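Okay, structure first, notes after.
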Amino acid sequence: MNLQLLLLTLCQGFFLINNVTFIAINGLVGLALAPTPWMATLPITAYVTGGALSAGMVARHQRAWGRRRAFQVGTAVAMASTALCAWAVSAHSFWVVVAATLCAGYYAANAGLYRFAATEIVAPAFKERAISWVLAGGIIGAVVGPNLANATRNALPTAFAGAYLALVGIALLAFVTLSFIRFPPLPLPSAARPGRPLGALVRQPVFIVAVAACALGYGVMNLLMAATPIAMAMCSHPFANTALVLEWHVLGMFVPGFFTGSLIRRYGTLRVMAVGVLLNLLCIGVALSGVDLMRFTIALLVLGIGWNFLFVGGTTLFTEAYRPEEKTTAQATMDTVIFTTMALTSFSSGALVTTQGWTWLNLGSFVPVAAVAGAIAWLAWRRRMALRSSVA
């Protein structure tokens with residue numbers, strides 16, 4: 001840990017306050033304003049769709065402006081978009097809320113690169129821990145996000161308008177904090193080191209498995225997390241209970257960040273990712289067993305830990321898939337896939353939970369979890385075969 005990494009970890013915390021507050025309130029705002037209930041999670045879907053659409057643009061901006069200036073532009077977009085959300089909910093305009101959260105996706109795509117920027121401000125031997133520590137900054141979001149939403153949701157005459165305005169201030173804090181971080185210049189492609197074509201990058205087994213683990217792991221987490229506020233409301237749980245469940249869920253996502261990097265160095269990336277798969281299965285089992293507050297809390301807590309192991313493991317694995325001059329292209333490709341998966345699962349979660357119910361939503365989650373398990377097993381098998389061939 002150094003001062004630069006500490007400040008970047010704090011920025012991750014500010015970003016997660018934004019994310020957790022969005023998750024806590026966007027589905028409920030959608031449920032109140034949407035023309036039909038199945039469209040309730042469209043504001044969440046728009047947010048991650050905006051991230052998918054912005055990932056390539058963010059990569060170009062990072063190359064042109066450098067890490068710090070591009071990250072600050074992201075926080076400026078966050079301030080403008082959350083202010084627009086506050087106006088839209090006050091005006092009872094569902095489609096303006098959707099448009100504003102779509103724009104906010106640029107901030108998500110930008111801040112999603114904090115984990116990669118962390119590896120650039122520490123020695124190479126500490127890259128796993130740097131990724132893990134920056135993601136651990138999400139603990140700030142876990143504690144502040146749900147409580148901020150709960151404390152400010154009725155601060156203005158229109159429900160949740162105050163919560164959106166509070167996020168403007170959070171983004172401003174992130175903008176100021178970024179001013180004190182110095183990132184090294186990004187290595188850019190040159191005539192001497194042009195970098196491989198994108199097609200060559202994505203055909204690597206390590207690229208495929210890392211992206212699949214991060215995208216599908218994020219997809220399952222998003223599928224269940226986005227639906228949780230709606231499912232709990234349908235089960236007559238008060239919003240305070242929903243905020244509590246989301247707080248424990250996000251703590252599960254980011255508290256392991258203090259030790260996930262060390263676990264990866266000790267036991268290996270694929271083993272930690274495999275434990276993440278098992279935790280996802282445990283989450284689904286608990287969620288299927290009942291809908292009381294305790295089961296919602298345990299299921300979402302375990303889901304968060306499983307996501308952490310898959311995401312930190314997948315990100316660490318992914319750093320093996322590209323050369324320095326290829327990083328912005330490779331990282332943008334990975335995040336485009338992640339945000340696209342999140343967009344599909346966000347939309348599906350609202351449609352499924354309001355039409356098929358919480359049980360079928362969880363049963364459907366088995367499919368992507370099984371796909372991740374298969375991908376990890378395939379790469380582990382390839383590596384064992386390669387090791388045997390080298391020994392022979």
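For the single chain, residues carry numbers from 1 onward in sequence order. Worth saying up front: this structure is predicted, and the values here are computed from it rather than measured.
Aromatic ring pairs are classed by plane angle as parallel below 30°, tilted from 30° to 60° and perpendicular above 60°; the pair F22 and Y164 is perpendicular.
Formation of a donor-acceptor pair under 3.5 Å by the Q4 side chain with backbone atoms of R182 is found in this model. T101 places a side-chain N or O within donor-acceptor distance of the main-chain N or O of P43, the cut-off being under 3.5 Å. In this structure, the side chain of T315 does not engage the main chain of V312 through any donor-acceptor pair within 3.5 Å. In this structure a side-chain-to-backbone donor-acceptor pair under 3.5 Å is missing from T119 to R115.
Looking only at side-chain heavy atoms (C-beta outward), V143 and L251 come within less than 4.5 Å of each other.
The hydrophobic clustering, which links ILVMFWY residues whose side-chain heavy atoms are closer than 4.5 Å, places L42 and V96 apart. No chain of hydrophobic side-chain contacts below 4.5 Å, direct or via other Ile, Leu, Val, Met, Phe, Trp or Tyr residues, connects L53 to Y107. Hydrophobic clustering keeps F94 apart from W87 (ILVMFWY residues linked when any side-chain heavy atoms are closer than 4.5 Å, directly or through intermediates). At a threshold of 4.5 Å between side-chain heavy atoms, the hydrophobic network of Ile, Leu, Val, Met, Phe, Trp and Tyr places L10 and I181 in one connected group. No continuous path of hydrophobic side-chain contacts links L246 to L31 [ILVMFWY only; heavy atoms under 4.5 Å].
Interatomic distance, S365 OG to L281 CG, rounded to the nearest 0.5 Å: 10.5 Å. To the nearest 0.5 angstrom, M334 atom CE is 8.5 Å from Y322 atom OH. Rounding to the nearest 0.5 Å gives a distance of 8.0 Å between CD of E326 and OG1 of T329. We find the OG-CG distance between S289 and N362 to be 9.5 Å, quoted to the nearest 0.5 Å. Between atom CZ of residue F207 and atom CZ of residue F318 there is a gap of 4.0 Å, rounded to the nearest 0.5 Å.
Between W307 and F254, the ring center distance clears the sub-6.0 Å criterion.
More than 12 non-hydrogen atoms from other residues, nucleotides or ligands lie less than 6.0 angstrom from CZ of R68. Applying the 6.0 Å contact sphere to CH2 of W360 captures no more than 12 heavy atoms from other residues, nucleotides or ligands.
Nearest approach of A299 to C283, heavy atoms of both residues: O-SG, 3.3 Å. Closest approach of I338 and C214 over heavy atoms only: CD1-CB, 3.8 Å.
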